[in-house]
Amino acid sequence: QVHLVESGGGSVQAGGSLRLSCAASGHTVSSYSMGWFRQAPGKEREAVAAMDSDGSTSYADSGEGRFAISKVNNNNTLYLQMHSLKPEDTAIYYCAAGAQWHAYVRDHRPDWFPYWGQGTQVTVSS
């Protein structure tokens, strides 16, 4: 059973930084593709960044340039480092695992990921 637990969310002012963590169990981050998504109130869930098992990365427009995805295999954790945060980054951020990587890279749809965490709230104030 794949289990994902996000942490690291919070409230920051615009221009600030946060690092989100996703602790995985039931599988290893080294063997699954994993990703970060976000969902703002009234909006659809959208891709932020993802990483394949071999370390290849794919950033959606929302995460390009300001966010960085990484993982540490030894502690089975995925990270999302976010810099220069903007109020429009306010959302619940979700960790996901198990995508069909090549399909995901084509269209960044969250449907390609079968396993999800519960999410962590990020609030950016102006």
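As the structure is a computational prediction, the values presented were derived from the model and not from experiment.
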| request: Count the heavy atoms belonging to other residues, nucleotides or ligands that lie under 6.0 Å from CG of Asp61, then report whether that count exceeds 12. | output: no
| query | Going from NZ on Lys71 to CG on Leu78, what distance comes out if it is rounded to the nearest 0.5 angstrom? | reply | 8.0 Å
| request: Decide side-chain contact (heavy atoms from CB on, under 4.5 Å) for Gln81 and Arg19; before the verdict, give the C-alpha distance in whole Å, the side-chain angles of both, and the deciding distance to 0.1 Å. | output: CA-CA 4 Å; Gln81 180 68 55; Arg19 188 177 78 157; 3.5 Å; yes
| Roughly how far, to the nearest 0.5 Å, is NZ of Lys86 from OG of Ser126? | 13.5 Å
| task | Say whether Trp36 and Trp112 are linked into one hydrophobic cluster, either directly or through other cluster members, by side-chain heavy-atom distances under 4.5 angstrom. | result | no
| note | In short, Ala60 meets Ala47 closest at the heavy-atom pair CB-O, 3.3 Å
| remark: Smallest heavy-atom separation, His83 atom then Ser17 atom, equals ND1-OG, 3.0 Å
| field | Aromatic ring proximity Phe67/Tyr59, centre distance under 6.0 Å | value | no
| remark: Value for CZ (Arg66) from CG (Leu85), rounded to nearest 0.5 Å, stands at 6.5 Å
| message | With a 4.5 Å cut-off on side-chain heavy atoms, are Tyr79 and Cys22 touching? | response | no
| remark: Given the options Tyr94, Tyr93, Trp116, Phe37 meets ring-ring contact (aromatic ring centres under 6.0 Å, His included) only with Trp116
| query | What's the verdict on side-chain contact (heavy atoms from CB on, under 4.5 Å) for Gln121 and Thr90, showing C-alpha distance, side-chain angles and the deciding distance? | reply | CA-CA 8 Å; Gln121 176 71 47; Thr90 295; 4.0 Å; yes
| said: Membership question, hydrophobic clusters at under 4.5 Å side-chain separation (ILVMFWY): are Met34 and Tyr115 in the same one? | reply: yes
| note | Only residue of Asp89, Leu20, Thr120 satisfying side-chain contact (heavy atoms from CB on, under 4.5 Å) with Arg38 is Asp89
| said: Grouping I, L, V, M, F, W and Y whenever their side-chain heavy atoms are under 4.5 Å apart, do Leu4 and Phe113 come out in a common cluster? | reply: no
| Distance from Ser7 atom OG to Gln118 atom CD, nearest 0.5 Å? | 13.5 Å
| field | Partner of Tyr104 by side-chain contact (heavy atoms from CB on, under 4.5 Å), out of His108, Gln100, Arg106 | value | His108
| note | Closest non-hydrogen contact found for Ala40 with Ala91 is N-CB, 3.8 Å
| Using the ring of each side chain (for Trp, its six-membered ring), is Tyr32 parallel, tilted or perpendicular to His27, with breaks at 30° and 60°? | tilted
| message | Before you tell me yes or no, could you show the steps for Thr28 and Asn73 under side-chain contact (heavy atoms from CB on, under 4.5 Å), namely the whole-Å CA-CA distance, both residues' side-chain angles and the distance that decides it to 0.1 Å? | response | CA-CA 7 Å; Thr28 60; Asn73 293 335; over 6 Å; no
| field | Reported NE2-to-OG distance for the pair His102 and Ser33, which is rounded to 0.5 angstrom | value | 10.0 Å
| Of all heavy-atom pairs between Pro114 and Gly98, which one has the smallest distance, and what is that distance? | CD-O, 3.3 Å
| field | Asp54 side chain to Ser56 backbone, donor-acceptor under 3.5 Å | value | yes
| query | Would Val12 and Met82 count as a side-chain contact (heavy atoms from CB on, under 4.5 Å) if you check the C-alpha gap in whole Å, the side-chain angles of each, and the deciding distance to 0.1 Å? | reply | CA-CA 11 Å; Val12 295; Met82 305 186 292; over 6 Å; no
| query | Atom OG of Ser58 and atom CH2 of Trp101: how far apart are they, to the nearest 0.5 Å? | reply | 5.0 Å
